[in-house]
Each structure stands twice: as C-alpha cells, then as structure tokens.
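In what follows, a structure is listed as structure tokens, so that the remarks can point back to it.
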Amino acid sequence: MDRERTWWKEAVVYQIYPKSFNDSDGDGVGDLQGVIDRLDHVESLGADVIWLNPVYESPQADNGYDISDYRAIHEEYGTMEDWEDLLAEVHDRGMRLIMDLVVNHTSTDHEWFRKSREGEDGYREYYYWRDGDGEEPPNNWKSGFGGSAWERDEEVGEQYLHLFDRTQADLNWDNAEVREDVYEMMNWWLEKGIDGFRMDVVNLVSKPEGLPDGDPEQDWTGIEHFANGPNAQAYLEEMAERTYDDYDTMTVGECVDVDVETASDYVSADGPMDMLFHFEHMFVDVGDRWLSPAEWDLTDLKAVMSHWQTELDGWNSLYLTNHDQPRIVSRFADDGEYRRESGKLLATLLFTLSGTPYVYQGQEIGMTNYPWSSLDELDDLQSIGKVEEAMEAGEVDAFEEVQDIVRARSRDNARTPMQWDESEHAGFTDGDPWLAVNPDYEEVNVAAAERDGDSILQYYRTLVDVRDENDVLVYGDYQLLIPDHEELWAYRRTLTTDGGTDEVLVVLNFDDTETVATLDDAERAGEVVVANYDEVPTTDGVLTLRPYEARVYELE
Ligand code: NOJ
C-alpha cells in the first residue's frame, strides 16, 4: 500500500454534471454560472476537488461526451469567460478543479472528422475507416450503446469505427499526429490552471492490428480486443510524460474491463495515472446483458471491493455512483422507509474504505431513482439504444416488459435535475427542465436537508471531518472481517506509524432488520468515531445493529 502523503489521497471529490446541476438563465439546462452560484454548497460539504463533466462545445448527442471543439465552451453552458470565472472562484475557495478529458473519440462534428471525411491532408488516418463487405460491417464489434460499432459514410464510401454513439468516432491513436494534437490540447488546458483530468474510457485508446472479430457471446462484443489494447500502457505513459507529469495534478482514468493486475500497471507509483475507476463492483447486480435482471449479494460486493482494497498496487478511487450509474440508496440499500439510514450507511462505507472518495451530485441528500414509465421520458442513449436493440431483435415487444430493469439501471436516474428546494422544478430552473425532476423533490432537497440537523447532508459533512481527523481512515490498511456474512460488512483499518498503531472497526448492516455481529473485534470496540443512529448502545462485546446501521469504533 502506497502511504506516501499526497493531497489527492486526502481529498474528497465532488462530481458536477453541469447539465443537471443548476440553471441560471431559465433555458432548462444547467450552466457554468449556475455552478458558480452553488459553490457555497460544494464548499460547505468540505469537498476539496470538483470534477466537472464535459462542458466543451458539443452537439450534445451524449451530453458532451461528443466534443466538437476541445478549446471552446458549449453555448448552453456559457462562455470561456464564465469557465475562467468558475476556475477562479473554485481556487479562491481553496478547492481544485479537474476537467473531463474525452480523447478516445470526438464528435463527428469535430473539425478533424470533417477533414477526415473530406480526405484532407493526412486527416483520413485520424479515425478508423474500413471497407465493409457491402453493407456488412468490417468486424463484429458492438457499440457500448447497442448495435454495430461501424457506420457507413456515403461521402467516403467506407465505414468508421465508433465504440459509442455513431456521432462519436474513435480517434486513431496509432497515428502519432493524433497523439500530438491531443497532448497539445491537454497542455493548453493545463496552462489555463486546471488541477487535473478525469479521463474518459482512457484504456480503450489502443486497438489491435487488423481489428479482429470479438467473442459474440460478450454483451459488448470486441471488448477483449479494444480494452487495454496492445499499446494502451505505452500511449498513456507517453501522454503523462508529455502533459501532466510536469504539473501538480490529480488524474483519474475511467477504465473499462480492467482487473486489478492491469490496473496496477496504470496506477502503480511509476504508472501513468494516479487513480482509476474500474467497474467490477458496478456489475454485481447486472446479468450477462444490460437488460438481463440480476439479484445482488452483499458477499459479492464485499469480495470485489475487498479484492481491490488489498490487491491493487496503487491508490483506489472510491465511487458508488456517478452520472452513468443509478442512485445508490435505490441500488444498494433502501430508498423508502430507511432512505436516511441507507444514505448514511453508504456514505460511511465510501468514507472509511481506503482510497479517495467521489461524491456525485445529489448523493449527499440521498436522491433516488426515477420511476420511468416510457421510452419517451428517457434521454440517455444507452438506455434507449439497449431497449431498441432488444426490440429490433424481437426479444422485447413493449417497454413495460423491461420497465423494471430500465428503472433500476438507466443512467438517467443520475441525470435528473439536482433538487435544491421545494419550489417548482426543485429550484433547478425557472424554465422547463431538460429532463424530468424526480417527483420526490418536495421531501428530498438541499434546503430541507439544511433545516434538518440529522440529515444525510449533515452526516456527509461529519464524515469529511472524521476522515480529515483520522489518518487511519486515509492511510490505514484494510482487512475484511466475516467475509461470508450476508447482511453485515465489517472491516478493520490499521495504521502503524512511529507514534504507534491506530485501529478502527467499521460495521455496516445492509439489512432492514436487526442483525447481530459476532466479531472478536467487538470485544475491543472503544469510542464511537462516527455512527448513523443517534444513540449507540454500549457493546458488552456484542454488536446488535439496527436496520441499515453503520458504526465506526476505535479499537482498544
Ligand atoms: C463514459 C462516460 O462516463 C459516459 O457518460 C459516456 O457516455 C461514455 N464514456 C462515452 O464517452
């Protein structure tokens, strides 16, 4: 375990999805001025770093992950001046700002793609153009959003590769000129004073020679070829050397289909990035395919997370949700009677594991999944694409058949507007919100959480302080206890320094009934560091946890 002290290990990151955060001009879409107006909220939470989802110029097919100009701000979000104001305001408050870096693909509206299509000097090789066999695609790779990963362009008479939407064409990283252009752009942003990057699907940048067919049984066909491809490590190393290695930054790479061994190459002390987002824990409740139902077991979640806690050679990033994942109380605990306890339980988990915690907007007030009831209500390309694909294949006739899965899984659950208060549209906008506001906003909102001394929001603030004050929670080793227990997640964190050994015990009840923990460590349970119920009874060596109860003890 890497114990070298660094600011980004001690930091708490707050993720802002600008489209849904706060609308300052009444057009129904969040914007940069809206973010500035709400920085007090982020600061009061105790966040150290803001990760801003893409705000670059974009036709918004995938809400900004389809960039048409890396050096301009999307009109609906404001201007470059607004962005500069935001950076200054963030820095004035002692926080840092990391930007989303989306360089596996560009929008087909990007100048590079236009030139590529037109065959202008050297630009054809900026993307993957291949001849299919007539209408047949060049290989069987699929898009992450459903359907083939290839699109025929009539003008060129060939097909181009897109691992996501057909408007998101994959850049050809084997072309050194592409890499140069990307590095130049990254340095341009670094020079503007940003504090790092969250790097979108960054381990997909290298595709193998010949683009071989993938295993058709894989839901995302081709993934074994395009994830962690032959030059991924080398390109990422080159990128780090040529750009952020010269700055005091924090970098976190989103990595698809990565295991602990490969991840260690990326994030070990001499690896190209500080942290990464893996997906293993995000699949515990997903079947073979996006649309197949699956139950989840706490033992699986514990096993996956514990494996990363102990085996990664590098620093963990900790997330339970983001703009691509459902809301956590709905997913892993209870969004009804025990929403408050659940929100706090999951927060306790996030802040007491080893790694840097990432809090996604709305998580701090316990926002819940949305009750979607038709495809028309949804905006997300993935949900729509997956359902349409199943309909075209004749596997599904009507939305109702997959409604439960879409409700549980859609990325739009995380994208409904941030709920600020009880007023119309939850205080997000004076206009018509681009995506529906969750009907629970009158109960679940920031203003209500501020008035309530016992809210999930107040508990997040407590956890930020607790983590700040207890080095063992940042730098301590992790050890899983009672791994086979189906309701309880218990672990010990241990930090030995010159000053001695600090140990804490974390016990989390993921069940809606009272659960007894039979643990040797309970005998040593001392002072309560933090807990999500008001009164914690004395232990006498036996811990009886109430529904969704979370307790952290000092060990004596
Ligand atoms: C991952 C991003 O988080 C997601 O929102 C996006 O759709 C894909 N990458 C494609 O850029």
Side-chain angles (χ1 to χ4, degrees), residues 13 15-21 30 51-68 70 74 98-110 113 127 141-147 149 151 160-171 173 182 197-205 207 219-220 222-223 226-228 232 251-258 273 275-283 286 290 317 319-327 358 360-363 378-386 389 409-416 434-435:
V13 183
Q15 182 192 347
I16 294 182
Y17 196 68
K19 191 160 187 173
S20 306
F21 194 61
W51 151 25
L52 191 63
N53 283 100
V55 291
Y56 314 98
E57 188 181 288
S58 157
Q60 299 285 315
D62 190 21
N63 292 349
Y65 283 96
D66 48 323
I67 298 172
S68 53
Y70 289 107
H74 175 58
I98 68 169
M99 296 289 281
D100 224 301
L101 177 76
V102 189
V103 289
N104 173 70
H105 44 267
T106 70
S107 164
T108 48
D109 279 4
H110 194 285
F113 191 82
Y127 297 85
W141 294 3
K142 277 201 181 167
S143 147
F145 297 154
E151 179 77 9
Y160 63 87
L161 178 68
H162 60 89
L163 292 182
F164 294 92
D165 186 49
R166 55 181 185 75
T167 64
Q168 292 166 300
D170 278 55
L171 281 167
W173 273 63
V182 167
F197 293 109
R198 173 272 185 189
M199 306 185 287
D200 191 59
V201 291
V202 78
N203 67 329
L204 300 188
V205 293
K207 280 84 177 174
D219 191 28
W220 197 356
I223 192 161
F226 54 70
N228 313 301
T251 52
V252 51
E254 185 197 33
C255 291
V256 177
D257 206 31
V258 72
M273 47 205 175
M275 290 176 258
L276 57 75
F277 295 130
H278 68 84
F279 285 82
E280 285 197 346
H281 60 312
M282 293 287 109
F283 279 103
V286 182
W290 194 86
S317 62
Y319 76 98
L320 295 172
T321 183
N322 58 36
H323 63 292
D324 292 331
Q325 300 293 339
R327 293 288 178 179
Y358 290 71
Y360 177 66
Q361 66 186 46
Q363 178 177 340
L378 290 150
D379 170 83
D380 168 32
L381 287 174
Q382 185 189 48
S383 318
I384 297 169
K386 294 284 187 186
E389 185 182 44
R409 207 155 282 165
S410 176
R411 306 195 299 178
D412 278 340
N413 286 309
R415 300 174 180 186
T416 62
W434 72 276
L435 191 65

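In listed order, ligands and their atoms are each counted from 1. These figures come from a predicted structure and were not determined experimentally.
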### Task
Indicate, with yes or no, if the rings of Phe277 and Tyr319 have centres closer together than 6.0 Å.
yes
### Query
Side chain, backbone, both or neither: which part of Arg198 has a heavy atom under 4.0 Å from ligand 1?
side chain
### Query
Are the aromatic rings of Tyr65 and His323 close, with centres under 6.0 Å apart?
yes
### Query
With atoms numbered from 1 as shown, which atoms in ligand 1 lie under 4.0 angstrom from a non-hydrogen atom of Glu254?
1 (C), 3 (O), 9 (N)
### Query
Where does Phe145 meet ligand 1, judged by heavy-atom distances below 4.0 Å: at the side chain, the backbone, both, or neither?
side chain
### Query
Would you say Tyr360's side chain and Tyr17's backbone share a donor-acceptor pair under 3.5 angstrom?
no
### Task
Using a strict 4.0 Å cut-off to heavy atoms of His105, name the atoms of ligand 1 that fall inside it.
10 (C), 11 (O)
### Message
Side chains of Thr106 and Tyr70: any donor to acceptor distance under 3.5 Å?
### Response
no
### Query
Which of the atoms in ligand 1, numbered in the order shown and given with their element, are less than 4.0 Å from a heavy-atom of His323?
2 (C), 3 (O), 4 (C), 5 (O)
### Message
So, taking the atom named NE2 in His162 and the one named OG1 in Thr108, what distance separates them when rounded to the nearest 0.5 Å?
### Response
9.5 Å
### Message
Tell me the nearest of Asp62, Asp200, Asn63 to atom 9 (N) of ligand 1, using heavy-atom distances.
### Response
Asp200
### Task
Give the numbers and elements of all ligand 1 atoms closer than 4.0 Å to a heavy atom of Arg415.
5 (O)
### Query
Counting only N and O atoms by type, is there a donor-acceptor contact under 3.5 Å from the side chain of His74 to the main-chain atoms of Ser58?
yes
### Query
Looking only at protein heavy atoms, which one is nearest to atom 5 (O) of ligand 1, and how far off is it?
Asp324 OD1, 2.8 Å
### Query
By number and element, which atoms of ligand 1 are closer than 4.0 Å to a non-hydrogen atom of Arg411?
4 (C), 5 (O), 6 (C), 7 (O)
### Query
Just one of Asn53, Val55, Asn63 clears the side-chain contact (heavy atoms from CB on, under 4.5 Å) bar with Lys19, so which one?
Asn63
